[in-house]
2 protein chains.
Amino acid sequence: MRYKAGLETRDRILDATRRLIAEAGLEGTTIKAICDRAEVLPGSFYNLFDSKEQAIVTVVREAIEAVDPDPEHLGKDTLAALVEAYIVFITEQSDLAGVYIAIAVSGTRNNPDLRERFLRHHERRVTRFAAAIEREHPEIEAGARSRRAETLVSALNGIALHRVLDPRFDAAAHSRALLNGALIPL
Amino acid sequence: MRYKAGLETRDRILDATRRLIAEAGLEGTTIKAICDRAEVLPGSFYNLFDSKEQAIVTVVREAIEAVDPDPEHLGKDTLAALVEAYIVFITEQSDLAGVYIAIAVSGTRNNPDLRERFLRHHERRVTRFAAAIEREHPEIEAGARSRRAETLVSALNGIALHRVLDPRFDAAAHSRALLNGALIPL
DNA sequence: TTCAAATTAGAGTCATCACTCAAATATCGA
DNA sequence: TCGATATTTGAGTGATGACTCTAATTTGAA
């Protein structure tokens, strides 16, 4: 992979892989399907990737990173900003969102590597949300703080899940509703 | 399937299928895996089921029905009761919960039949939640009511999703937190 | 007890899976 | 322009997928 052609082919393959996982899930993501969509022959695929797994993991890493953008802003973001960032991810990077959800469910069952990667990511994410809560509501004690963060992150994933199933689902409004605690009047 | 032996074999196959989907997802649910676990040979499987699909759909139907138990109670349940019922489903029927989540994500992508079935189920579920909200908070207008119901149902699915990934996740506490709107102080 | 029908056994079919390989071709630094 | 190396071609490998078929065995109603 030292020539321009190789890099372009690699991009096409990753593109195809990303879209396929989002559309058809891991089950439908076969070498043949990837190659057909990327307009590449299996030989070329294996010239650039060691295995199907490698291409998938590359795309999964992309997705996981896209969930938590702007890492240098870490430690400064507000809860609202974190939720808005997730909304952008869900709605404007829907392929990656599809990958994210597909992996959360199918990928982590048989692949301990992916599973650990995902759980670590989830933990970081909860920590980031908890830190935002702390900044805005220092009166809440640490335990309750991280519990609330975890509830919120999981609930947001539920929103993302449903948005993947039904593109008409208004993920933005539902995410903001969650944030505002406006679910049920107290 | 008229003799006792046939019915028992059928049960063993459905049992194996249910546990396999929960553990390994749709991807890992092969005829061989089902037959090994059920201690049955392929010939017996195909004597009782027309296809692998049929066994899977049977189990999926079970899962979808288990999410909304006690249908005759419909129109009388409280929001809290609905949430508690889902908690029971997630924690005490974790195999079916695993099937439910696996299908929500992977199953609906390539199988329009499953997809439609799932979306119809989701709609019924949202309606049931919205009716409970109406009973307890008649002051909320219809639109807001069903929007809130939809937020809650999706968020609960997020809780279920995470519980499937991590059995230590305290799904009950997080579900109740959602219900109480105690996510973030207003 | 008999026997038609249900069930099971288990080898076999065909398609598709991930992946390989040797030969042909394209690329680009020197 | 040359030539070492990257890239592409495309047929081919063995393993495994869903599913079939025939013969043997078991079942239970009459």
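Reminder, nothing fancy here: chain letters follow the sequence lines and each chain counts from 1.
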#### Entry: Between dA18(D) (C1') and L41(B) (CG): distance, integer Å
15 Å

### Query
Please give, in whole Å, the distance from dT27(C) C1' to E8(A) CD?
12 Å

### Set of residues satisfying side-chain hydrogen bond (donor to acceptor under 3.5 Å, both in side chains) with respect to Q54(B), sequence neighbours excluded
D50(B)

### Atom-pair distance (CG on N47(A); P on dT27(C)), nearest Å
14 Å

### Task
Work out which heavy atom in A132(A) is nearest to a heavy atom in L82(A); give both atom names and the distance.
CB-CD1, 3.9 Å

Distance-only donor-acceptor hits, side chain of residues 85-105 of chain B, under 3.5 Å, sequence neighbours excluded:
| unit_1 | atom_1 | unit_2 | atom_2 | d |
| --- | --- | --- | --- | --- |
| Y86(B) | OH | N157(B) | OD1 | 2.7 |
| T91(B) | OG1 | I87(B) | O | 2.8 |
| Y100(B) | OH | H121(B) | NE2 | 2.6 |

### Task
Can you check each nucleotide of nucleotides 20-30 of chain D against protein heavy atoms at under 4.0 Å and return B for base, S for sugar-phosphate only, - for none, in 5' to 3' order?
BB-----BS--

### Query
Are any of the side-chain nitrogens in R125(A) or D68(A) under 4.0 Å away from the carboxylate oxygens of its partner?
yes

### Query
Salt bridge between R18(B) and D15(B), side-chain N to carboxylate O under 4.0 Å?
yes

### Message
Heavy atoms within less than 4.0 Å of DNA chain D: which residues of residues 27-39 of chain A have one? Give them sorted by number.
### Response
none

### Query
F45(A) or L48(B): which one's nearest nucleotide on DNA chain C is closer to the 5' end?
L48(B)

### Message
If I compare all heavy atoms of A177(A) with all of T151(B), which pair ends up nearest, and what's the gap?
### Response
CB-OG1, 4.2 Å

### Query
Can you name the residues that form a ring pair (Phe, Tyr, Trp, His ring centres under 6.0 Å) with F169(B), not counting sequence neighbours?
H162(B), H174(B)

### Query
Can you find a side chain N or O atom of T9(B) that sits less than 4.0 Å from OP1 or OP2 on dT7(C)?
no

### Message
Which residues pass the ring pair (Phe, Tyr, Trp, His ring centres under 6.0 Å) test with F45(A), not counting sequence neighbours?
### Response
F49(A)

## Note on the structure
Rounded to whole Å, CD of Q54(A) lies from C1' of dC19(C) at a distance of 14 Å

### Message
I'd like to know if E116(B) pairs up with R120(B) as an ion pair, taking the criterion as any Lys NZ or Arg NE/NH1/NH2 lying under 4.0 Å from an Asp or Glu carboxylate oxygen.
### Response
yes

## Note on the structure
To the nearest angstrom, the CZ-C1' distance between F49(A) and dT8(D) comes to 15 Å

### Query
Looking at dC19(D), dT8(D), dA18(C), which one has an atom nearest to any side-chain atom of S44(A)?
dT8(D)

### Message
Without decimals, in angstroms, what is the distance between I13(A) CD1 and dA18(C) C1'?
### Response
14 Å

